[in-house]
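Structure first, commentary second.
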Amino acid sequence: MDDLIVTGPMLLNVMDELEQNFAVHKYWEATDRQKLLASRPDTRFLATDGHVGCSARIMDQLPKLEMISCFGVGVDAIDLPAAKARGIRVTNTPDVLNDAVAELALGLMLALSRRIVDADTYIRRGNWLTGGYPLTQELTGKTVGILGLGRIGKEIARRAQAFKMQVVYHGRNEKEFEPYVYYENLEEMAKDVDWLVGVVPGGASTAGLVDGKIMKALGPNGALVNLGRGSLIDEAVMVEMLKSGELGGAALDVFEDEPKVPEELRVMSNVVLSPHLGSATVKTRWAMADLVVRNLLAHKNGVPLITPVV
Ligand code: NAP
Ligand code: 8YV
């Protein structure tokens with residue numbers, strides 16, 4: 001059977017399916033990972049995720065590697081130029097997670113605007129007995145700027161419209177067939193919106209795109225939402241601006257150094273946090289895992305990859 005290195009645990013049934021088709025080596029369980037790689041120089045298949053990815057160093061240790069199947073749509077943790085240079089194919093899991101991520105985006109926005117998490121704590125602590133909860137804001141009538149009107153961004157836009165919000169967007173290019181107003185300049189968009197939702201890929205081209213200037217443009221009544229990658233936002237500056245009130249609020253699913261989240265963020269009531277849960281529903285994780293397996297089997301059987309990246 002062909003060797004397959006798996007970098008992290010997958011759903012149990014998926015592991016069963018992988019084990020029926022490959023000699024699976026559990027990288028995450030190996031006490032000596034270098035030894036595992038060195039002992040399998042003929043490995044052609046690797047399955048990884050958006051967190052562990054695959055570095056050029058690992059590729060160098062697996063000179064026969066032909067394919068990396070990624071559990072996740074974001075492939076910023078995989079060294080794509082290195083894979084391309086070595087002729088290694090890379091697949092990801094696009095589209096099947098759009099609805100789950102978009103739902104969480106609106107969930108986080110509702111939670112932040114209506115202070116749902118804080119209000120829940122208010123009751124649990126018995127505070128309601130001593131007085132009502134302060135008034136909050138609603139989404140209706142507000143403007144949301146989507147940074148990255150891609151597969152997920154479009155689903156967020158549709159849901160925001162259902163909440164009677166105005167939708168505008170920024171990206172590298174104007175989308176010809178989209179009905180929303182396009183801003184070529186991110187700062188100009190940030191000045192005009194109440195909500196800025198980041199859902200762009202990670203990597204060098206988006207790192208620090210949302211810096212102090214953009215957050216200042218968003219302002220004390222504005223809120224920042226991030227479901228893309230933590231690297232998109234200058235996190236230290238965001239913390240300071242949230243503390244000083246220069247930025248109104250933030251709803252965050254991704255962070256610069258996951259799973260570490262700055263202590264200061266964890267105590268702010270104008271912040272809602274979720275531990276990278278965008279795609280984390282049973283249905284969606286199954287669909288993603290299924291794509292991981294089907295891509296591996298496609299390559300093994302010499303048929304076209306289902307969702308190739310390179
Ligand atoms: P996609 O369809 O490729 O959309 C990405 C969008 O980002 C495109 O519209 C692209 O627009 C824009 N973009 C790319 N680089 C940019 C740049 N430098 N400046 C401005 N805009 C840029 O990808 P997707 O499937 O929607 O996924 C987007 C990202 O969401 C993933 O890569 C991943 O990082 C993240 N994600 C997070 C979770 C989670 O659990 N939180 C789950 C899934 C995905 P243009 O091409 O027009 O520039
Ligand atoms: C996953 C994601 O949680 O698809 C992505 O890009 O960020 C999430 O769906 C992650 O990739 C799992 O490793």
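Counting starts at 1 for both ligands and their atoms, following the listed order. For reference, positions follow the sequence shown, starting with 1.
Residue-ligand proximity, Ser279 to ligand 2, at heavy-atom distances under 4.0 Å covers atoms 1 (C), 3 (O), 8 (C), 9 (O). Every atom of ligand 2 is numbered from 1 in the order shown, and the set under 4.0 Å from a heavy atom of Met288 is 9 (O). Numbered from 1 in the order shown, with element, the atoms of ligand 1 that lie under 4.0 Å from a heavy atom of Val101 read 42 (C), 43 (C). Close approach of ligand 2 to Gly74 is summarised as follows: ligand atoms under 4.0 Å from at least one heavy atom of the residue are 4 (O), 5 (C), 6 (O). For ligand 2, the atoms lying closer than 4.0 Å to a non-hydrogen atom of His276 are 2 (C), 3 (O), 7 (O), 8 (C). Within ligand 1, the atoms closer than 4.0 Å to a non-hydrogen atom of Lys175 are 9 (O), 11 (O), 45 (P), 46 (O), 47 (O), numbered from 1 in the order shown. The contact set between ligand 2 and Arg229, taken as ligand atoms under 4.0 Å from a residue heavy atom, comprises 2 (C), 5 (C), 6 (O), 7 (O). Residue contact check: Gly72 has heavy atoms under 4.0 Å from atoms 4 (O), 5 (C), 11 (O) of ligand 2. Within the listing of ligand 1, atoms 6 (C), 7 (O), 9 (O), 12 (C) sit less than 4.0 angstrom from a heavy atom of Gly148. Close approach of ligand 1 to Ser205 is summarised as follows: ligand atoms under 4.0 Å from at least one heavy atom of the residue are 18 (N). Annotation for ligand 2: atoms under 4.0 Å from non-hydrogen atoms of Gly50 are 11 (O), 13 (O).
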Side chains of residues 160-172: which donor-acceptor partners sit under 3.5 Å, not counting sequence neighbours?
unit_1: Tyr169; atom_1: OH; unit_2: Lys175; atom_2: N; d: 2.7
unit_1: His170; atom_1: ND1; unit_2: Tyr183; atom_2: O; d: 2.9
unit_1: His170; atom_1: ND1; unit_2: Glu184; atom_2: O; d: 3.3

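For a threshold of 3.5 Å applied to N or O pairs, the pair formed by Thr93 and ligand 2 contains no separation below that value. On a distance-only criterion, Asp76 and ligand 1 share no N/O pair closer than 3.5 Å.
The protein heavy atom nearest to atom 22 (C) of ligand 1 is Val200 CG1, 3.6 Å. Nearest protein heavy-atom contact of atom 4 (O) of ligand 2 is Val73 N, 2.7 Å.
In summary, Glu155 and Arg159 engage in a salt bridge, as defined by a charged side-chain N under 4.0 Å from a carboxylate O.
Every residue two or more places apart in sequence or in another chain that forms a salt bridge (charged side-chain N to carboxylate O under 4.0 Å, His left out) with Asp2 is listed here: Arg44, Lys300.
Taking the side chain as every heavy atom from C-beta outward, Trp286 and Leu11 approach each other to under 4.5 Å.
Distances shorter than 4.0 angstrom occur between a heavy atom of Gly228 and an atom of ligand 1. Remark: distances from the non-hydrogen atoms of Glu174 to ligand 1 are all 4.0 Å or more. The closest approach between Arg285 and ligand 2 falls below 4.0 Å for a heavy atom of the residue.
For Leu97, every heavy-atom contact with ligand 2 shorter than 4.0 Å involves the side chain, none the backbone.
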